[in-house]
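Below is one structure, written out as structure tokens, with a few remarks after it.
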Amino acid sequence: MRSFIAFSLIPLLTSASALALFTVPLTKLQRTGTYLKGSPDADRARAAFLKRRTASGPVAIPATNLAYVQYTTRVGIGNPPTYYNLVIDTGSSNTFYLDQVTLAPNLVITNQSIGDALSNAGFQGVDGIVGVGPVDLTLGTLSPDMNATRPTVMNNLVSQGLIKNKVLDGALTYGGTDSSLCEDESMYAPVTDTYPAAGYWGINITSCAYGKHTVIRSSTAGIVDTGTTLILIADDFFARYLHAIPGAKVDSITGLIEIPQRSISSMHSLNFTIAGRVFSLDVAAQLIPKDQNTAWGGDVKKRYGVVNHLGSPSGQGMDFIIGQKFLERYYSVFDADSKRVGFARTNHTFSTYQL
Ligand SMILES: *[C@@H]1O[C@H](CO)[C@@H](O)[C@H](O)[C@H]1NC(C)=O
Ligand SMILES: *[C@@H]1O[C@H](CO)[C@@H](O)[C@H](O)[C@H]1NC(C)=O
Ligand SMILES: *[C@@H]1O[C@H](CO)[C@@H](O)[C@H](O)[C@H]1NC(C)=O
Ligand SMILES: *[C@@H]1O[C@H](CO)[C@@H](O)[C@H](O)[C@H]1NC(C)=O
Ligand SMILES: *[C@@H]1O[C@H](CO)[C@@H](O)[C@H](O)[C@H]1NC(C)=O
């Protein structure tokens, strides 16, 4: 993903009505040291929290489970606004009391419900969360009325006439999509009806293959989550993937897959089929770039992978999490109006660097 220097407004004419799109700056936090060390465990802890949600009962995700998130946006709270760096989280929906929220100079929501994460989030460079998950995720998070939901940022943008469509893309365009970032048409998968994935931006993966090896045999539900760093798949799926890469093992220091250098040149693409289209992660996309090994607490001479285990077996209604390592490669669309998630190829999908 890229950071945009300036706010841009792209008007499109659709059957005589103008739809406003607002693309706001998205920033990758620049940090040093072993700041990603522990991310696989943090991702799994988050997965366990997310899985506890059932059709009837929601769960609250502790903000600390987002400690490793890297993408933030500057959001103004109050009038005049005080600016904070907030994480964009598709896995939660509460954005913190009621106040004015400035997403961009011309994109100001009045009376937005805001949680108190601002006062205690306490992770470096980040002040809180913009929850852009489904509105039902706010159910049960409000006291005393546990049956109430709170309008999310997306709900208020539409009800206050600021955008027409409850659509957000991964480049942080509110109100629609930006096809200039895509190299093919977006493919849309309906939000799955399988719980607990159905409570989030959940979709089904129809199958997944690593070369000739089947990793996922039949349609299975999971979620797309900007708050998860890696790509997590159920433990049995993960075992098949790991077994298919000669000499690969889980490294006890980083918690990542460690792949022997001699196996790299014979690695295959990892192909996910979603709604009839194949989304391929080439070899480079499956590996942590070498110059990031130190950040993950790894050895500069070794090779590590971005796919990891979920911490639970398949068949539980949330069998994978498509996290940042996938979303950095494919354009994504979160369409709350049509209850669907879209993906398209970008010019980063098959970016390579020295293997
Ligand atoms: C502000 O939002 C709250 C809760 O979302 C709602 O109950 C209230 O009516 C709203 N007030 C105004 C002035 O829109
Ligand atoms: C919430 O809804 C349930 C079932 O619809 C009801 O039994 C309960 O009293 C409600 N709770 C509140 C605080 O309104
Ligand atoms: C990738 O696409 C973006 C957005 O369209 C463009 O700004 C950038 O120059 C492209 N990069 C390459 C390497 O083509
Ligand atoms: C995986 O996807 C790549 C790129 O689309 C394609 O070249 C390759 O044949 C696919 N492999 C399998 C086993 O489907
Ligand atoms: C999605 O996957 C679940 C299993 O996780 C399955 O029960 C359901 O039938 C699938 N839905 C579709 C539309 O394939």
Side-chain angles (χ1 to χ4, degrees), residues 47-48 50-55 91 134 182-225 228 231-246 248 263-287 305-307 309-323 325-332 335 338-352 355:
L50 294 173
K51 275 186 86 167
R52 265 180 233 162
R53 183 188 157 91
T54 61
C182 304
E183 302 224 313
D184 57 6
E185 286 276 301
S186 290
M187 173 290 318
Y188 287 93
V191 169
T192 187
D193 48 18
T194 305
Y195 275 88
Y200 303 92
W201 286 110
I203 57 169
N204 271 26
I205 283 179
T206 328
S207 64
C208 172
Y210 172 78
K212 291 200 199 81
H213 306 262
T214 302
V215 175
I216 300 178
R217 286 186 224 283
S218 58
S219 191
T220 191
I223 66 168
V224 183
D225 180 34
T228 296
I231 297 164
L232 302 185
I233 55 177
D235 297 359
D236 43 328
F237 301 156
F238 178 77
R240 290 182 202 143
Y241 173 67
L242 191 69
H243 189 71
I245 306 173
S263 295
I264 302 281
S265 60
S266 56
M267 278 182 76
H268 306 285
S269 292
L270 180 63
N271 292 0
F272 295 95
T273 304
I274 303 170
R277 195 185 298 172
V278 173
F279 292 88
S280 187
L281 293 180
D282 64 12
V283 177
Q286 292 170 63
L287 298 172
V306 304
V307 176
H309 55 105
L310 191 63
S312 50
S314 65
Q316 301 184 347
M318 194 192 279
D319 295 343
F320 60 85
I321 301 186
I322 292 177
K325 289 296 167 197
F326 184 97
L327 298 170
E328 285 169 350
R329 296 269 169 177
Y330 286 94
Y331 177 84
S332 53
D335 182 347
S338 305
K339 296 194 167 28
R340 58 185 191 163
V341 178
F343 293 119
R345 212 147 49 77
T346 70
N347 62 7
H348 299 295
T349 299
F350 298 118
S351 299
T352 46
L355 294 176

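One is the number of the first residue; the rest follow in order along the sequence. Each ligand, and each atom within it, is numbered from 1 in the order the structure gives.
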Starting from atom 5 (O) of ligand 5, what is the nearest protein heavy atom, named by residue and atom, and what distance separates them?
Ala221 N, 3.0 Å
Using a 3.5 Å cut-off on N or O atoms only, is Asn204 in polar contact with ligand 5?
yes
Can you confirm whether some protein heavy atom lies under 4.0 Å from atom 14 (O) of ligand 4, or whether none does?
yes
Give yes if a backbone or side-chain nitrogen or oxygen of Gly317 is under 3.5 Å from a nitrogen or oxygen of ligand 5, and no if not.
no
Using a strict cut-off of 4.0 Å, indicate which atoms of ligand 4 neighbour a heavy atom of Gly211.
13 (C)
Return yes when atom CD of Glu185 has more than 12 non-hydrogen atoms of other residues, nucleotides or ligands closer than 6.0 Å, and no otherwise.
no
Once you measure the plane-to-plane angle for Phe326 and Tyr330, does it fall in the parallel (<30°), tilted (30-60°) or perpendicular (>60°) bin?
parallel
Mind checking whether Ser280 contacts ligand 4 via backbone (N, CA, C, O), side chain (CB onward), both or neither, at a 4.0 Å heavy-atom cut-off?
side chain
Flag for Tyr241-Gln286: side-chain donor and acceptor within less than 3.5 Å:
yes
Under 3.5 Å side-chain donor-acceptor pair for Thr220 and Asp319:
yes
If you measure every N/O of Asn271 against every N/O of ligand 4, is any gap under 3.5 Å?
yes
Can you find a protein heavy atom under 4.0 Å from atom 11 (N) of ligand 4?
yes
Just distances here: any N/O of Ser219 and N/O of ligand 5 closer than 3.5 Å?
yes
Which protein non-hydrogen atom lies closest to atom 6 (C) of ligand 5, naming both residue and atom, and how far is it?
Thr194 OG1, 4.1 Å
Phe237 vs Phe320, test: ring-ring contact (aromatic ring centres under 6.0 Å, His included). Steps then yes/no.
CA-CA 9 Å; Phe237 301 156; Phe320 60 85; 8.3 Å; no
May I ask you to check whether Thr192 and Asn204 show a side-chain donor-acceptor distance below 3.5 Å?
yes
Can you check whether Phe343 and Phe279 have ring centres sitting under 6.0 Å from each other?
yes
